[in-house]
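Taking it in order: structure first as structure tokens, then the write-up.
Reckoned from all heavy atoms, side chains included, excluding hydrogens, waters and symmetry mates. Read the numbers this way: they start at 1 and go in the same order the structure lists the ligands and their atoms.
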Amino acid sequence: MSHPHLSVLILAAGRGTRMYSDLPKVLHEIGGKPMLSHVIDTALSLQPTTVGVVIGHGKDAVRARISQTVQWIEQDQQLGTGHAVQIAMPHLPANGHTLVLYGDVPLIDRTTLETLLAAAGDGVALLSDVLDHPTGYGRIVREQGEIVGIVEEKDANAAEKAIREINTGVMVLPNAHLPAWLGKLQNANAQGEYYLTDVIALAVADGVTVSGITVRAHHLAAGVNNKLQLFELERIFQKEQAEKLLGAGITLRDANRFDLRGSLQHGRDVVIDVNTVFEGDCVLGNGVEIEAHCVLKNVTIGDGTRIKAFSHLENCTVGARATIGPFARLRPDAALADEVHVGNFVEIKKSIVGHGSKVNHLTYIGDTDIGQNSNIGAGTITCNYDGVNKFRTEIGDDVRIGSGTMLVAPVTVGDRATTGAGSVITKECPPDKLTLSRAQQVTVRNWKRPEKNKA
Ligand code: UD1
Ligand code: CA
């Protein structure tokens with residue numbers, strides 16, 4: 001459903017004192033994405049005419065971090081939620097409805113908002129929740145079942161404090177009434193703030209219908225004020241993602257030890273062992289297996305490839321039927337073809353490794369092109385950096401690089417060439433030949449091991 005006369009206003013100016021953080025509260029992340037971005041995406045999914053975000057504390061950091069297009073509204077002094085909407089008034093159309101959301105209520109979903117908008121009709125709708133422990137929240141006051149107002153915790157009497165139906169803060173308001181209602185707000189209350197919640201009683205006084213919708217799960221309307229609440233929502237979010245992936249056929253060895261901070265596309269028969277973290281946009285082909293404790297960020301992995309335990313892959317691609325790790329590090333712009341083997345303690349950066357080539361042990365490959373079916377011996381290093389500039393190494397097909405070879409770039413190793421173990425290669429290695437640079441081995445026949453002087 002699209003809502004042509006809908007404006008969304010997201011309140012996000014608060015400080016977030018209890019996060020004990022220099023980062024503005026709404027920039028703390030759920031699933032690797034700022035809370036505010038979650039709310040903006042959900043708001044945009046309603047296709048409203050405008051999305052305004054009220055910012056104050058840390059406003060520059062918020063603007064710099066959030067990439068979606070929204071209307072930024074600055075509230076320099078946080079005089080209350082009612083004041084925040086007052087500040088936003090000039091940006092709201094004269095008619096239609098305004099949906100008020102909070103930047104620190106990240107898991108609000110479209111279904112809930114659609115229901116709320118439908119319930120509002122021409123009037124007001126608010127989203128409530130029923131809590132066993134309602135302390136701290138505004139209470140929904142009803143008479144004969146009808147909503148008559150909201151009273152904040154700090155202003156509530158004992159009877160009101162006993163009410164378990166609370167205001168989540170999410171509400172739909174008719175714009176035509178806003179100038180009058182907001183104009184009447186007073187700050188003569190326990191917190192000395194202009195409460196948006198006071199518009200409810202004003203609406204009732206004006207004979208405008210106020211509908212209440214109870215949220216279908218607590219987490220959808222749960223706010224984040226501290227790291228404990230952030231953690232709780234993160235786990236709920238991760239569990240939902242894991243359940244979606246399980247539903248789509250992925251095998252997760254433990255759905256409680258799985259973290260996706262971005263997107264994951266996958267084929268059939270994908271198996272992911274425990275404690276792997278996916279970031280950015282990852283794509284796994286059919287039959288890919290990721291062993292325990294890997295970190296994968298913006299990677300594409302071909303069919304049948306196995307990423308063994310404790311590997312770290314970032315901004316790289318791996319072909320089909322390859323084996324990577326354990327303890328491998330693939331850095332940005334590593335492009336590995338099909339059937340490549342990369343073993344333990346190998347780092348590869350900005351390099352192409354051709355079909356079937358192997359780099360199995362303790363090696364650094366940077367700024368290099370390796371052809372097909374070549375083998376890079378243990379402890380090989382491409383010396384690609386002279387301290388100022390980077391240079392490329394070219395290695396052909398069917399090459400055998402001996403263990404401990406230092407390839408001082410720029411340098412070329414021809415097809416079917418072999419280098420001797422321990423060589424420092426500074427000049428071209430011609431195809432089909434053995435090239436080595438190694439001091440002659442000598443044995444000193446008359447040498448004696450020194451002995452301790454006897455005093
Ligand atoms: C508010 C509600 C309360 C509700 C609770 C739900 C009011 C008066 N009270 O209380 O009924 O149960 O939320 O969590 O509305 N903000 C601004 N500018 C301001 C003040 C707040 O942008 O001047 C933003 C905050 O950043 C936050 C949201 O509005 O995202 C709510 O403000 P907060 O101070 O947390 O309100 P509560 O006192 O918790
Ligand atoms: Ca709050």
Side-chain angles (χ1 to χ4, degrees), residues 8-19 21 23-28 34-36 38-40 43 52-59 61-62 70 72-89 91 98-108 124 126-131 133-141 147 149-156 160-161 163-171 173 181-182 185-202 210 212 214-215 218-226 229-230 233:
V8 179
L9 191 61
I10 302 172
L11 308 190
R15 184 195 287 276
T17 313
R18 283 175 288 155
M19 297 297 275
S21 170
L23 194 67
K25 176 159 77 168
V26 293
L27 293 187
H28 285 268
M35 291 197 281
L36 180 56
H38 284 271
V39 182
I40 293 172
V53 183
V54 180
I55 47 174
H57 281 286
K59 62 187 179 197
V62 174
V70 295
W72 297 109
I73 300 160
E74 298 194 2
Q75 185 196 22
D76 290 326
Q77 273 188 296
Q78 285 73 51
L79 304 181
T81 49
H83 179 252
V85 180
Q86 268 167 356
I87 298 265
M89 273 284 296
H91 304 278
T98 295
L99 167 65
V100 177
L101 301 174
Y102 288 176
D104 56 1
V105 178
L107 300 188
I108 191 78
V124 171
L126 59 84
L127 187 68
S128 71
D129 197 0
V130 178
L131 301 179
H133 304 287
T135 308
Y137 293 95
R139 308 299 206 283
I140 312 279
V141 182
I147 295 172
I150 298 176
V151 57
E152 291 303 299
E153 165 86 21
K154 289 189 176 125
D155 302 293
E160 288 162 340
K161 280 187 181 153
I163 299 171
R164 290 172 49 230
E165 188 185 14
I166 62 102
N167 171 36
T168 65
V170 176
M171 52 178 86
L173 300 166
W181 294 346
L182 295 174
L185 295 183
Q186 304 276 315
N187 65 352
N189 51 51
Q191 302 183 79
E193 286 182 9
Y194 296 94
Y195 292 162
L196 182 61
T197 44
D198 285 349
V199 302
I200 300 301
L202 295 170
V210 177
T214 305
V215 71
H218 300 306
H219 70 266
L220 297 170
V224 170
N225 297 307
N226 56 42
Q229 290 166 338
L230 184 69
L233 293 192

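Residues satisfying the side-chain contact (heavy atoms from CB on, under 4.5 Å) test with Thr81, not counting sequence neighbours, are Leu11, Tyr102, Leu196. With sequence neighbours excluded, the residues forming a side-chain contact (heavy atoms from CB on, under 4.5 Å) with Asp198 are Leu185, Tyr195, listed by chain and number.
Residue Thr197 has at least one heavy-atom neighbour below 4.0 Å for each of these atoms of ligand 1: 7 (C), 8 (C), 9 (N), 11 (O), 15 (O). Using a 4.0 Å cut-off to heavy atoms of Gly14, the atoms of ligand 1 that qualify are 25 (C), 26 (O). For ligand 1, the atoms lying closer than 4.0 Å to a non-hydrogen atom of Thr168 are 6 (C). Those atoms of ligand 1 with a heavy atom of Glu152 less than 4.0 angstrom away are 2 (C), 3 (C), 7 (C), 8 (C), 9 (N), 10 (O), 11 (O). Heavy-atom contacts of Thr81 reach the following atoms of ligand 1: 7 (C), 8 (C), 15 (O), 20 (C), 21 (C), 29 (O), 31 (C), 32 (O) (cutoff under 4.0 Å). The Asp104 neighbourhood of ligand 1 comprises atoms 27 (C), 30 (O), with distances under 4.0 Å to a heavy atom of that residue. Under a 4.0 Å criterion applied to the non-hydrogen atoms of Ala84, ligand 1 contributes the atoms 18 (N).
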Query - Derivation and outcome, side chain to side chain contact (heavy atoms under 4.5 Å, CB included), residues Val170 and Leu99 - result: CA-CA 7 Å; Val170 176; Leu99 167 65; 4.1 Å; yes
Report task. Evaluate the side chain to side chain contact (heavy atoms under 4.5 Å, CB included) criterion for residues Leu101 and Val8: first the C-alpha distance (whole Å), next the side-chain angles of each, then the deciding distance (0.1 Å), finally the verdict. Result -> CA-CA 7 Å; Leu101 301 174; Val8 179; 3.7 Å; yes
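Between Gly138 and ligand 1, at least one N/O pair is under 3.5 Å apart. Considering both main-chain and side-chain atoms, His83 never comes within under 3.5 Å of ligand 1 through any nitrogen or oxygen pair. At under 3.5 Å, not a single nitrogen or oxygen of Gly103, backbone or side chain, sits near a nitrogen or oxygen of ligand 1. Note: an N/O pair closer than 3.5 Å links Gly80 and ligand 1 by distance alone.
In this structure, Ile166 has no heavy atom closer than 4.0 Å to ligand 1. Heavy-atom separations between Gln75 and ligand 1 include at least one value shorter than 4.0 Å. Put simply, no part of Gly223 is less than 4.0 Å from ligand 1, judged by heavy atoms.
Within the 4.5 Å cutoff, no side-chain heavy atoms of Val39 are placed close to those of Val105.
A donor-acceptor pair shorter than 3.5 Å cannot be found between the side chains of His83 and Glu193. Looking at Lys25 and Asn225, their side chains do bring a donor and an acceptor atom within 3.5 Å of each other.
Taking each of Asn167, Leu196, Val26 in turn, the one with a heavy atom nearest to atom 6 (C) of ligand 1 proves to be Asn167. Looking at Tyr195, Tyr137, Tyr102, it is Tyr102 that brings a heavy atom closest to atom 13 (O) of ligand 1.
Across Asp129, Ile140, Leu220, a single residue satisfies side-chain contact (heavy atoms from CB on, under 4.5 Å) together with Thr168, and that is Asp129.
A salt bridge between Arg139 and Glu165 is absent, with no side-chain N of the basic residue lying under 4.0 Å from a carboxylate O of the acidic one.
In the displayed structure, Lys154 atom NZ is contacted under 6.0 Å by at most 12 heavy atoms of other residues, nucleotides or ligands.
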